[in-house]
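All ligand and atom numbering here is 1-based and tracks the order in the structure. Keep in mind that the numbers below use all heavy atoms, side chains included, and drop hydrogens, waters and symmetry copies. Here, residue 1 is the first one in the sequence, and each next residue gets the next number.
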Amino acid sequence: TRSSRPQRLLSVVKKRAAHGDPQSVISAIDYFCRHNEWAMNVGDEKGCILDSVVSELNPERVLELGTYCGYSTIRIARILPPGARLITLEFNPDYAAIARQVIAWAGLEDKVQLVEGASEDWIPRIKEHFGIETFDFVFLDHWKDRYLPDTKLMEECGLLRKGTVLLADNVICPGVPDYLQYVRSSPSYESYYFKSHLEYTQAEDGLEKSVFLG
Ligand SMILES: Cc1ncnc2c1ncn2[C@@H]1O[C@H](/C=C/CNC(=O)c2cc(-c3ccc(F)cc3)cc(O)c2O)[C@@H](O)[C@H]1O
Ligand SMILES: [Mg+2]
């Protein structure tokens, strides 16, 4: 049977990128997705915004919702300070298997913990299972109708603290209207929209950065 898109992405990484070199893995994926086959990675343009938000924050504890092939996982992990940890949740076992190999090829497995399962099942268990109090940074890039319920769940589970930064992908395309309305109107968040483009295209898209005020 025909290979999957994530399988084709992984084979490009192994063919074109240098083992242990995260930047070459990122460049190989971006080149392939721009010139050969589009895929729903955050991409290079929005990825640079992601990089700037992360490096300004220098987070110790990071949560990513929706790993897919691990592109944003390695973008974030490659700029984390020593000792910092990234937990990424992915419920599709095939995507998780690919992402593990992409993360390993980039040499970042020591900073990343890929957890297989649904965010709503794992968010309530993170504290006791991983010994984590709160997160400094959360990247939301999973099913768009899950952004709002999972944000409310993270609040309820006490995983956010004063100053925790949520960064949400695709707030224009495909769009997350209920989430946007919530973080922009709630007194518990200070929100800011980074205008950009849908990965590898000229369509408008953007990232919403929302600081939890407690
Ligand atoms: C509750 C739960 N728990 C755990 N893992 C979960 C989970 N819900 C989903 N996942 C996982 O996360 C990824 C899903 C990502 C969804 N992303 C998008 O749909 C997406 C789509 C576009 C897009 C834009 C214009 C188009 F014309 C077509 C597509 C662009 C994007 O950037 C996207 O992110 C995928 O790996 C899925 O298994
Ligand atoms: Mg996305």
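The shortest contact between atom 14 (C) of ligand 1 and any protein heavy atom is with Trp143 CZ3, 3.2 Å. Atom 38 (O) of ligand 1 has Glu90 OE2, 2.5 Å as its closest protein atom, hydrogens excluded (heavy atom only). For atom 33 (C) of ligand 1, the nearest protein heavy atom (residue, atom name, distance) is Asn170 OD1, 3.2 Å. Closest to atom 30 (C) of ligand 1 among all protein heavy atoms lies Glu199 OE2, 3.2 Å. Here the protein heavy atom with the shortest distance to atom 15 (C) of ligand 1 is Asp141 O, 3.3 Å. With hydrogens left out, the protein atom closest to atom 29 (C) of ligand 1 is Trp38 CH2, 3.6 Å, a heavy atom. For atom 27 (F) of ligand 1, the closest non-hydrogen atom of the protein is Leu198 CD2, 5.0 Å. For atom 5 (N) of ligand 1, the closest non-hydrogen atom of the protein is Phe91 N, 3.2 Å.
For the pair Arg146 and ligand 1, the shortest N or O to N or O distance does not fall below 3.5 Å. Considering backbone and side-chain N/O of Lys144, one or more are found under 3.5 Å from N/O of ligand 1. Residue Glu120 has no nitrogen or oxygen atom sitting less than 3.5 Å from a nitrogen or oxygen atom of ligand 1, judged on distance alone. Backbone and side-chain nitrogen or oxygen atoms of Tyr95 are examined, and none is located within less than 3.5 angstrom of a nitrogen or oxygen of ligand 1. On a distance-only criterion, Asn41 and ligand 1 share no N/O pair closer than 3.5 Å.
Nearest to atom 3 (N) of ligand 1 by heavy-atom distance, out of Ser119, Gly70, Gly66, Ala96, is Ser119. In this structure, of Pro174, Gly175, Ala39, Pro6, the residue bringing a heavy atom nearest to atom 21 (C) of ligand 1 is Pro174.
Heavy atoms of other residues, nucleotides or ligands lying less than 6.0 angstrom from CZ of Phe130 number more than 12.
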For the pair Leu63 and Ile126, evaluate side chain to side chain contact (heavy atoms under 4.5 Å, CB included) and give the outcome as yes or no after the intermediate values.
CA-CA 10 Å; Leu63 177 64; Ile126 282 176; 4.0 Å; yes
Tyr200 and His35: ring pair (Phe, Tyr, Trp, His ring centres under 6.0 Å), yes or no, with the steps?
CA-CA 9 Å; Tyr200 318 116; His35 300 289; 9.4 Å; no
Between Leu89 and Thr67, is a side chain to side chain contact (heavy atoms under 4.5 Å, CB included) present by the stated rule, with each step listed?
CA-CA 6 Å; Leu89 305 183; Thr67 317; 5.7 Å; no
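Criterion: ILVMFWY side-chain heavy atoms under 4.5 Å apart, direct or through other members. Under it, Leu86 and Ile29 are part of a common hydrophobic cluster. Val62 is connected to Ile74 through a chain of hydrophobic side-chain contacts under 4.5 Å among Ile, Leu, Val, Met, Phe, Trp and Tyr, so both are in one cluster.
For the pair Cys69 and ligand 1, no heavy-atom separation below 4.0 Å is found. Not a single heavy atom of Tyr200 sits closer than 4.0 Å to an atom of ligand 1.
A cation-pi geometry, defined here as NZ or CZ lying under 6.0 Å from the six-membered ring centre and within 45° of its normal, does not hold between Arg146 and Tyr179.
Looking only at protein N/O/S atoms, the ones less than 2.8 Å from the Mg ion (ligand 2) make 3 in total.
Ring pair Phe135/Phe137: centre-to-centre distance not below 6.0 Å. Aromatic ring centroids of Tyr147 and His142 lie under 6.0 Å apart.
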